[in-house]
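These notes concern the structure reproduced below.
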Protein chains: 2
Amino acid sequence: MAIFSKTCEYAIRAVFFLAHRSAQGGRVGIKEIAAGIGSPELYLAKILQELGRRGLVSSAKGPNGGFYLDAASLSRPLSDIVEAVDGDGIFRGCALGLKQCSETNPCPLHSQFKAIRDQIHHLLHRTTIGEFNEELVQGLLSLKK
Amino acid sequence: MAIFSKTCEYAIRAVFFLAHRSAQGGRVGIKEIAAGIGSPELYLAKILQELGRRGLVSSAKGPNGGFYLDAASLSRPLSDIVEAVDGDGIFRGCALGLKQCSETNPCPLHSQFKAIRDQIHHLLHRTTIGEFNEELVQGLLSLKK
DNA sequence: ATAATAAAGGACAAAAATATCTTTTATTAT
DNA sequence: ATAATAAAAGATATTTTTGTCCTTTATTAT
Ligand code: FES
Ligand code: FES
């Protein structure tokens, strides 16, 4: 098991890719994004459609069309992507799968895991989509392989 | 998405259940365990079979048979269960799904996530299977609902 | 207007995870 | 020895996730 679903991994990588590409103002076709992050093209298309519905990415049809991020999207937190794709289970769910995580009916791992979960939440909440553009441009960070 | 697979959640809950039940020396049938943690009986049977092969639980066939944990099992870390069921992805895998997580080819979330992953690893490694028996007996902790 | 381009949408397919069913094997008590 | 018990093992079924295909819609350039 990974922290995020595969779908969510693709979504985050794609949005990072888009962020740094559309910082220069251009639009990016699905083919280029998929090649850039190493994902199945048509599956990624579905994912971006959903993110589009939720206002996390923008797109334009026709020649010179493609996906892009506006300034508003660039400043949104990663947690928005994660919630859109994987829901809030990773933030609020019980580590051992109890119906609901609570202080009054805690599972054995509750107190320890709550602390870790909160860290994940804070990390994703304070990190914005556009935050890594510089490093991506400089090739210090990777979205592929 | 949750932290662990459903299979792994069942596995941990079942082993906790067994731990506190076999502290008094008895064996516990699969029906009772499944009812105790709220899991599908026959699916749990498969899971416990696999844990048995790996020496994490013990079992005996026939009348008065059932599952139990010996002293050795009680002192093993939770990470053994997690690795047996979910593999080591949660400890070593890249948050964004890159083939391998490394310092030389880091994804944008690498440094932040590595810290969190390490915490999860340490938590599961230092926590033993038998550790919560007292609280379970006292009903302070829950394995169901 | 027409043709070309590119995303949107709906239907379908394959793979993996979860769950169930049936038969076999080992153990115990009679 | 025999019958009853309970886990092991193997086969099958269902559901969810992941991935693909095909048609439609919107936009642009000619
Ligand atoms: S009840 Fe399990 S993590 Fe809170
Ligand atoms: S490379 Fe992604 S978490 Fe280390």
Side-chain angles (χ1 to χ4, degrees), chain A residues 1-15 18 21-22 26-69 82 84-87 89-90 97, chain B residues 1-15 18 21-22 26-35 37-69 82 84-87 89-90 96-97:
Chain A
M1 282 277 294
I3 297 269
F4 304 121
S5 69
K6 222 166 183 194
T7 306
C8 192
E9 292 172 352
Y10 292 152
I12 299 174
R13 305 217 307 265
V15 169
L18 260 181
R21 281 313 214 70
S22 56
R27 292 164 176 174
V28 194
I30 186 73
K31 249 185 249 274
E32 195 180 347
I33 306 174
I37 69 169
S39 78
E41 179 187 328
L42 293 159
Y43 189 54
L44 182 61
K46 293 295 176 199
I47 299 171
L48 290 183
Q49 275 168 38
E50 176 61 24
L51 294 184
R53 278 181 219 112
R54 297 187 180 239
L56 283 161
V57 306
S58 309
S59 65
K61 291 180 175 179
N64 305 322
F67 294 88
Y68 62 97
L69 299 186
V82 174
V85 177
D86 281 349
I90 204 174
Chain B
M1 282 277 294
I3 297 270
F4 304 122
S5 69
K6 223 166 180 190
T7 306
C8 192
E9 293 172 351
Y10 292 151
I12 299 175
R13 305 218 306 266
V15 169
L18 260 181
R21 282 312 215 71
S22 57
R27 291 165 177 175
V28 194
I30 186 71
K31 249 185 250 275
E32 195 180 347
I33 305 174
I37 69 168
S39 78
E41 178 187 328
L42 293 159
Y43 189 55
L44 183 61
K46 292 297 177 196
I47 299 170
L48 289 183
Q49 276 168 37
E50 176 61 24
L51 294 184
R53 278 180 218 111
R54 298 188 180 237
L56 282 160
V57 306
S58 309
S59 65
K61 290 181 177 180
N64 306 322
F67 293 89
Y68 61 98
L69 299 187
V82 174
V85 177
D86 280 352
I90 205 174
L96 297 190

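So that the names make sense, note that chain A is the first sequence line, chain B the second, and so on, each numbered from 1. Just so it is clear, the structure is predicted and the values come from calculations on it, not from any experiment.
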Measure all distances between protein nitrogen or oxygen atoms and nitrogen or oxygen atoms of nucleotides 4-6 of chain C, and list the pairs falling under 3.5 Å.
from  : atom 1 : to      : atom 2 : distance (Å)
C:dA6 : O4'    : A:Gly62 : O      : 3.2

Determine, stepwise, if the pair A:Thr7 / A:Tyr43 fulfils side-chain contact (heavy atoms from CB on, under 4.5 Å).
-> CA-CA 9 Å; A:Thr7 306; A:Tyr43 189 54; 2.6 Å; yes
What's the verdict on side-chain contact (heavy atoms from CB on, under 4.5 Å) for A:Arg21 and A:Glu32, showing C-alpha distance, side-chain angles and the deciding distance? CA-CA 11 Å; A:Arg21 281 313 214 70; A:Glu32 195 180 347; 2.3 Å; yes
* For side-chain contact (heavy atoms from CB on, under 4.5 Å), just list the numbers for A:Ser59 and A:Leu48, CA-CA rounded to whole Å, side-chain angles, deciding distance to a tenth of an Å, and then say yes or no. => CA-CA 9 Å; A:Ser59 65; A:Leu48 290 183; over 6 Å; no
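In this structure, B:Met1 places its CE atom 15 Å from P of D:dT16, rounding to the nearest Å. Summarising the geometry, the separation between CG on A:Leu44 and P on D:dC21 is reported as 16 Å, rounded to the nearest angstrom. Atom pair A:Glu41:CD and D:dT20:C1' shows a separation of 11 Å (rounding to whole Å applied). One interatomic measurement links the two molecules: CG of A:Leu42 to P of C:dG9, which rounds to 15 Å at whole-angstrom precision. Going from atom OH of B:Tyr43 over to atom P of D:dA11 covers 18 Å, rounded to whole Å. For A:Phe4 and D:dT17, the CZ to C1' distance is 17 Å, given to the nearest whole Å. Distance NZ (B:Lys31) to C1' (D:dA6): 9 Å, rounded to an integer number of Å.
Taking each heavy atom of A:Gly97 and B:Glu9 in turn, the nearest pair found is CA-OE1, 3.3 Å.
One distance of note links CD1 of A:Ile3 with CD1 of A:Ile90; it measures 5.0 Å at 0.5 Å rounding. Atom CE of A:Met1 sits about 9.0 Å away from atom CZ of B:Phe4, to the nearest 0.5 Å. With rounding to the nearest 0.5 angstrom, the CG atom of B:Leu96 is 14.0 Å from the NZ atom of A:Lys6. Interatomic distance, CD1 of B:Ile47 versus OH of B:Tyr10, reported as 7.5 Å (0.5 Å rounding). Rounding to the nearest 0.5 angstrom, the gap separating the NZ atom in A:Lys31 from the CD1 atom in A:Ile33 is 12.5 Å. For the atom pair A:Lys46 NZ and A:Leu44 CG, the distance stands at 11.5 Å (nearest 0.5 Å).
Remark: B:Ser59 is not in phosphate contact with D:dA6, judged by side-chain N or O atoms under 4.0 Å from OP1 or OP2. For the OP1/OP2 pair of D:dT18 and a distance below 4.0 Å, the side-chain nitrogens and oxygens of A:Tyr10 include no atom meeting the criterion.
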The dot-bracket string of DNA chain C, counting Watson-Crick and G-U wobble pairs with both distances under 3.5 Å, using [ ] for crossing pairs and | for pairs to another strand, is ||||||||||||||||||||||||||||||
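Against DNA chain C, the stretch residues 46-55 of chain A makes heavy-atom approaches under 4.0 Å through A:Lys46, A:Gln49, A:Arg53.
Among the nucleotides D:dT18, D:dT20, C:dT20, the one closest to the side chain of A:Ser5 is D:dT18.
Salt-bridge check for B:Glu50 with B:Arg54: passed, with a basic side-chain N closer than 4.0 Å to an acidic carboxylate O.
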